[in-house]
There are 2 protein chains.
Amino acid sequence: MAGIKDVAARAGVSVATVSRVLNDHSGVREGTRTRVLAAVSELSYRPNTLARSLRTDQTRTLGLVISDVLNPFFTELARAVEDEARARGYSVIIGNADEQLTLQDHHVRTLLDRRIDGLLVSPADGDSLALREAALAGIPMVFVDRWIAGLDVPLVRADGRSAVRELVAHLYALGHRKLAIIAGPVASTTSNERLAAFRGALAEHGLPLPGHYIGQGDFQTASGRRVTEGFFTLPEPPDAVFATDNLMALGVMEQVRTLGLRVPDDVSLAAFDDIPWFLHTDPPITAIAQPTQQLGHRAVTALTDLVEGRSAGSVTLSAHLIARRSCGEDERTRR
Amino acid sequence: MAGIKDVAARAGVSVATVSRVLNDHSGVREGTRTRVLAAVSELSYRPNTLARSLRTDQTRTLGLVISDVLNPFFTELARAVEDEARARGYSVIIGNADEQLTLQDHHVRTLLDRRIDGLLVSPADGDSLALREAALAGIPMVFVDRWIAGLDVPLVRADGRSAVRELVAHLYALGHRKLAIIAGPVASTTSNERLAAFRGALAEHGLPLPGHYIGQGDFQTASGRRVTEGFFTLPEPPDAVFATDNLMALGVMEQVRTLGLRVPDDVSLAAFDDIPWFLHTDPPITAIAQPTQQLGHRAVTALTDLVEGRSAGSVTLSAHLIARRSCGEDERTRR
DNA sequence: GCCGCGCATGGAAACGATTACATCGGTCAT
DNA sequence: ATGACCGATGTAATCGTTTCCATGCGCGGC
């Protein structure tokens, strides 16, 4: 593979000059420039980014560590991140943590070893040594969607609390009184916020939230199934279930079907995170939608600000309820 | 950030020795080794992979270029690829081509600039200069799912032809005679195979496949909607539609709903690629399932074989039909 | 006619690792 | 006692860039 030396030789100039035209520095005579460019294309030369990065100490690459690529919410987020990054001249390397702390830290380290310019992360539940160290070491870093308390890192997210209140009001209006929730991992910031908002909203309506109506999930499909199974062994199963992410909602659907029951006749269902398929499920699923693309864009904006030496603050967008038929019918949602 | 020199200084040895213990080369005295290791952990030193790769001319990184991350099939594939690669000590960098040739070539070039050890690609429709050059240049490369004709590159894929024949037989048995298909991009290898198999199977049943029953899609949701709209302006709309990927099937669902029609009462629907949500749509969708994870694993196996100097051949797995209710009911599928 | 200046270019030192080769004791066979 | 050899370590070249500094040249002002 041709190197800058070959180009220099072919163009009859020094490597310094080649480098100058490649990085369009001023002060190269027009004739020289074209000669170099010709040599470049004749040899179909492409600069070695490894060498370049080694020398310049910047990779123009961002790392993105997400908890689960298979979750459509994160897929869409990753996509938005990539788009915005590319528009700003950065590449993105994605690490999928699969909701596991060790895998997450593995990716953080790998990414850092590659000397990425900045790190975008939606941390998995729990305390991450790698992340803590990176933050302390001053690696430009931004949290998106989820975060770790006590770290001075900007956060870009959607506040779901008012949407959760809307949801509870909606369920209440439809006559539901036994409301249950399937939470994510215990220390997950988003799950906790959703749980707290749910509990608060229930209280506003004078409803209790007994412990057995709080299912312990892990944001994965299987846990939705498992928790649902548990709910239906209760003497008084809930009449509505709120899954705090879309995969667990899928698990609920699967288990409800397994049990030979139906949504919403036997139990209502609502999910956090809206996805295209929710419109076509049987029945269509009521969900809280986040402005996913915007989250991705804003996160990249914040991170590149940091990387390029500007300052960046946290951003909070908002989520909203999309009522469909999975919580029962009323005149507004029937069609 | 601490470098190998700092470690050497701290351990009171030369950088060569440090390098030796880091890459566990033999011939380092036990005492020295522990001293070095101590220095490494005290400084929490991490080797700079850029420098290492520059010198060794290998990155232990694989590039994966796929046509659309948002397509659950590819998401799952990417996930499988990453898992297998990690197990073999490689990282993966994903490039999302969004079904656009220019974006695909952009990613191929970027990946090559990073000096990845090998390239896994599911090429978008059309002729790709970058890919052709890479193949000619002898970059270790493997195609997965889709391929480009005329390039001597191993291919890992699932043959869907017999499953398509199964599907047509299934539709025929249910009484459908006006069968339509929504194809992918014109030059797409997978789409062409599916179309040809569909046409062939129809012929076996003595059914025609008129041009207006061949919808021209692009593997994206919107095109499924558009084509469906067209089908229903026909004097004789089809009574069954086969979408050659899952996103276009989603488009069909959306458009059918918009038109105030129902699946399968007004039109039957089947899709290539099975996804978890198909079980819970209204109605559950009949689909052809590929062994996605295996595809990913085998593709990585083939690629690493190439990278590590072994030879690799093409792999063909098979797909199978999963009959659900979206094509109408019969005693086999009713439950 | 000379000096100084600026412009275009080249030479060479980094960046942080790996590794071929040199070096230096010490051991062992003769 | 001597030389060959071996095991542990160090020195320095190298990978492909960027960039600081030096150089050479033409030109305008005095």
Side-chain angles (χ1 to χ4, degrees), chain A residues 1-40 43-61 91 109-117 137, chain B residues 1-40 43-61 91 109-117 137:
Chain A
M1 194 160 281
I4 199 174
K5 282 200 265 244
D6 306 305
V7 176
R10 175 139 195 155
V13 298
S14 74
V15 294
T17 301
V18 175
S19 175
R20 276 187 277 257
V21 349
L22 257 29
N23 300 280
D24 27 50
H25 286 192
S26 58
V28 176
R29 212 193 320 251
E30 192 50 31
T32 319
R33 150 173 265 103
T34 56
R35 212 146 25 94
V36 169
L37 257 17
V40 164
L43 298 172
S44 56
Y45 163 77
R46 307 234 76 208
N48 183 328
T49 50
L50 296 173
R52 189 206 294 273
S53 295
L54 177 59
R55 182 58 231 252
T56 59
D57 202 40
Q58 57 150 323
T59 50
R60 290 207 74 81
T61 301
S91 299
R109 295 224 162 79
T110 307
L111 257 10
L112 259 27
D113 287 351
R114 281 177 190 278
R115 299 305 192 263
I116 50 155
D117 293 338
Chain B
M1 195 160 279
I4 198 174
K5 283 199 266 243
D6 306 305
V7 176
R10 175 139 196 156
V13 297
S14 74
V15 294
T17 301
V18 175
S19 175
R20 275 187 277 257
V21 348
L22 256 30
N23 299 279
D24 28 48
H25 286 192
S26 58
V28 176
R29 211 194 320 252
E30 193 49 34
T32 319
R33 148 171 266 105
T34 56
R35 210 143 27 91
V36 169
L37 258 16
V40 163
L43 298 172
S44 55
Y45 163 77
R46 308 234 73 206
N48 183 328
T49 50
L50 296 173
R52 190 208 293 272
S53 295
L54 177 60
R55 181 61 230 254
T56 60
D57 201 39
Q58 58 150 319
T59 50
R60 291 207 75 82
T61 301
S91 299
R109 295 225 161 79
T110 308
L111 256 11
L112 259 26
D113 288 350
R114 282 176 188 280
R115 299 304 192 265
I116 50 155
D117 292 338

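Chain letters run A, B, ... following the sequence lines, proteins first and then strands; every chain starts at 1. Since the model is a prediction, treat every value here as computed from it, not as a measurement.
In terms of phosphate contacts, A:N48 brings no side-chain nitrogen or oxygen within less than 4.0 Å of OP1 or OP2 of D:dC15. At C:dC15, none of the side-chain N or O atoms of A:T56 fall inside 4.0 Å of OP1 or OP2 (strictly under the cut-off). Contact annotation: B:S53 does not reach the phosphate of D:dC15 (side-chain N/O to OP1 or OP2, under 4.0 Å). OP1 or OP2 of D:dT9 has at least one side-chain nitrogen or oxygen of B:T32 nearer than 4.0 Å. Phosphate proximity of C:dG16 to B:R52: absent, as no side-chain N or O sits under 4.0 Å from OP1 or OP2. Residue B:R29 places none of its side-chain N or O atoms closer than 4.0 Å to OP1 or OP2 of D:dG7. Applying the 4.0 Å criterion to OP1 and OP2 of D:dT14, one finds that B:R55 has every side-chain N and O outside that range.
Atom pair B:R46:CZ and C:dG16:C1' shows a separation of 15 Å (rounding to whole Å applied). Look at CG on B:L50: it is 13 Å from P on C:dT18, rounded to the nearest Å. What separates CG of B:L22 from C1' of C:dT18 is a distance of 11 Å, to the nearest Å. Look at NE2 on A:H25: it is 15 Å from P on C:dA8, rounded to the nearest Å. For the pair B:I4 CD1 and C:dT18 P, the interatomic distance rounds to 5 Å; values are reported in whole Å. At whole-Å resolution of the value, CG in B:L54 and C1' in C:dA14 are 13 Å apart. What separates CG of B:D6 from P of C:dC15 is a distance of 11 Å, to the nearest Å. Rounded to an integer number of Å, the gap from B:R115 CZ to D:dT17 C1' is 11 Å.
Heavy atoms only, all atoms of each residue included: B:R35 and B:G12 are closest at NH1-O, 4.3 Å. Taking both residues in full, the closest heavy atoms of B:D24 and B:R33 are given as CB-NH2, 3.5 Å, listed atom of the first, atom of the second, then distance.
A:D57 comes within 4.0 angstrom of no nucleic acid atom, judged by non-hydrogen atoms across all strands. Contact annotation for A:G12: backbone-only contact, meaning every heavy-atom pair under 4.0 Å involves sugar-phosphate atoms and none involves a base. Heavy atoms of B:G3 sit under 4.0 angstrom from primed sugar atoms or phosphate atoms, though from no base atom.
Closest to the B:V13 side chain, of the nucleotides D:dG16, D:dG10, C:dT9, is D:dG10. The listed nucleotides are C:dA12, D:dG10, C:dG11; the one nearest the side chain of A:S14 is C:dG11.
Residues A:A2 and B:T17 both approach DNA chain D. Their nearest nucleotides, taken by heavy-atom distance, put B:T17 toward the 5′ side.
One donor-acceptor pair, N or O on each side, does fall under 3.5 Å between the base of C:dG10 and the side chain of A:R20.
For the side chain to side chain contact (heavy atoms under 4.5 Å, CB included) with B:L50, the qualifying choice from A:D113, A:T49, A:T59, A:D57 is A:T59, the only one to do so. Of the residues B:V21, B:V13, B:L37, the one that meets the side chain to side chain contact (heavy atoms under 4.5 Å, CB included) test with B:T32 is B:V13.
Put simply, the side chain of B:S14 does not reach to within 4.5 Å of the side chain of B:V18, judged on heavy atoms. Annotation: side chain of A:R114 is in contact with side chain of B:T61 (closest heavy-atom distance under 4.5 Å).
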